[in-house]
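Report on the structure given below.
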Amino acid sequence: SKGEYRHYMLKEIFEQPEVIEAVLEGRLSAGSVLVESFGPDAQALFQRARQIHVIACGTSFHAGLVARYWLERYAGVPVQVEVASEYRYRHPVVPEGTLFVALSQSGETADTLAALRFAKTLGYIGSLAICNVPGSSLVRESDVALMTRAGPEIGVASTKAFTTQLVALMLLTLAVAKVQRGDDHRDIVEVLGTLPGLCRQVLALNGQIEALSQAFAEKQHALFLGRGAHYPVALEGALKLKEISYIHAEAYPAGELKHGPLALVDSEMPVISVAPNDDLLEKLKSNLQEVRARGGQLFVFADENVDITGQEGIQVLTLPYVHEALAPLLYTLPLQLLSYHVAVLKGTDVDQPRNLAKSVTVE
Ligand code: M6R
């Protein structure tokens, strides 16, 4: 039941601290990831993985895009990420020693399942499913599976399934780094344990985000910007807004602004930007100046230590400091809340958006 919440989506957003705790449960020990928590065959499989192909749809695809930054940076393994409906109709070239990873909340998405079945004919070293539904087709048909333990997700717009996928993908990153390089990434393991508390702090900004949402209710369009691993976070923010509020939203890596989308920016265009305190911050700030110079209204979600101050046309909402490896997780939450409140203001059917189904079991 929805309990005290008006919609399942809101309930599921607020469940994220607990389910993130659940996905970590029993999978870390003494400052290191437990590779055996991926199952008995995982160690050997991760050892052999020279590269990784990640396949998924929708929100799960966005989780895969974040994982690419993580796996390349922290485990040194090259990664390709693709939507399942494209992958299955290409002629993918699979280099020797490639691991296939399928991401799916439901484990029943037709294109993702078909991609897994197709992959089995292509000479991968094996397949890993990261999935929320035990016993689903995807889990049954993969060599190794890691469950995301988000519990049932009723809202069509995926929220807690996404953030638990991200945690699972960080565990995968840590496992591959440990097996292949003997690197525990103790600093990241430590921060993982603090993540539920950080999420609670961000969820406490709900009232402020609700106030911000008023600026969007009358808009036709919105632009989301991020850089690095926050580009997929921007993509996910735009998908949420489209899906439940029916506002046209697009996401761009901020460096691409000048290459086209800047032409759309005027005083009618709200621009939402995620600005954690990472090494791309200075570049992001100059991208934001470009938006301001064209009269665009900026909404910035920024680290509390970042020096961006609210001024005419710039609204800043600060988030607690977090290790940059885990910032994509934390910065997802305010974007979920923002789209939720905009949809409520617009009076749409938040949990059952028009034309969409929770599980896409047909092509
Ligand atoms: O169950 P799956 O993760 O395989 O579903 C994939 C997409 O259909 C799903 O993530 C969809 O994009 C979400 N409803 C978006 O909120």
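All heavy atoms count here, side chains included; hydrogens, waters and symmetry mates do not. Start at 1 and go down the list; that is how both ligands and their atoms are numbered. Note that the structure is predicted; figures quoted are calculated from it, not measured.
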For Lys240, is the nearest heavy atom under 4.0 Å from an atom of ligand 1?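 For ligand 1, residue contact (heavy atoms, under 4.0 Å) with Lys240 is present.
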
| Heavy-atom gap Ser359 to ligand 1 smaller than 4.0 Å | no

Looking only at non-hydrogen atoms, the one of Glu243, Glu108, Gln105 nearest atom 15 (C) of ligand 1 is Glu243

Looking only at protein heavy atoms, which one is nearest to [atom], and how far off is it?
atom: atom 5 (O) of ligand 1; answer: Thr109 OG1, 3.4 Å
atom: atom 8 (O) of ligand 1; answer: Val360 CG2, 4.0 Å
atom: atom 9 (C) of ligand 1; answer: Thr59 N, 4.1 Å
atom: atom 7 (C) of ligand 1; answer: Cys57 O, 3.6 Å
atom: atom 1 (O) of ligand 1; answer: Ser106 OG, 2.7 Å

Salt bridge or not between Glu25 and Arg149? Use side-chain N to carboxylate O under 4.0 Å.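 Salt bridge: no.
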
Does one side chain, of [X] or [Y], offer a donor that lies under 3.5 Å from an acceptor on the other?
X: Glu108; Y: Ser137; result: yes
X: Glu153; Y: Ser158; result: yes
X: Gln105; Y: Ser60; result: no

Has the side chain of [X] got a donor or acceptor atom that lies under 3.5 Å from a matching backbone atom of [Y]?
X: His7; Y: Met9; answer: no
X: Ser127; Y: Ser142; answer: no
X: Gln51; Y: Glu96; answer: yes
X: Ser339; Y: Gln336; answer: yes

Regarding ligand 1, does Val156 bring an N or O atom to under 3.5 Å of one of the ligand's N or O atoms?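 The answer is yes, given that Val156 and ligand 1 share an N or O pair closer than 3.5 Å.
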
Q: Say whether Thr112, considering both its backbone and side-chain N or O atoms, lies within less than 3.5 Å of an N or O atom on ligand 1.
A: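 Among all N and O atoms of Thr112, none is under 3.5 Å from an N or O of ligand 1.
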
*Which atoms of ligand 1 are found less than 4.0 Å from any heavy atom of Ser60?*
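Atoms satisfying the 4.0 Å criterion: 2 (P), 3 (O), 10 (O).
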
Per-atom contacts of ligand 1 with Ala157, taking only distances under 4.0 Å to non-hydrogen atoms:
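Those qualifying, in numeric order: 16 (O).
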
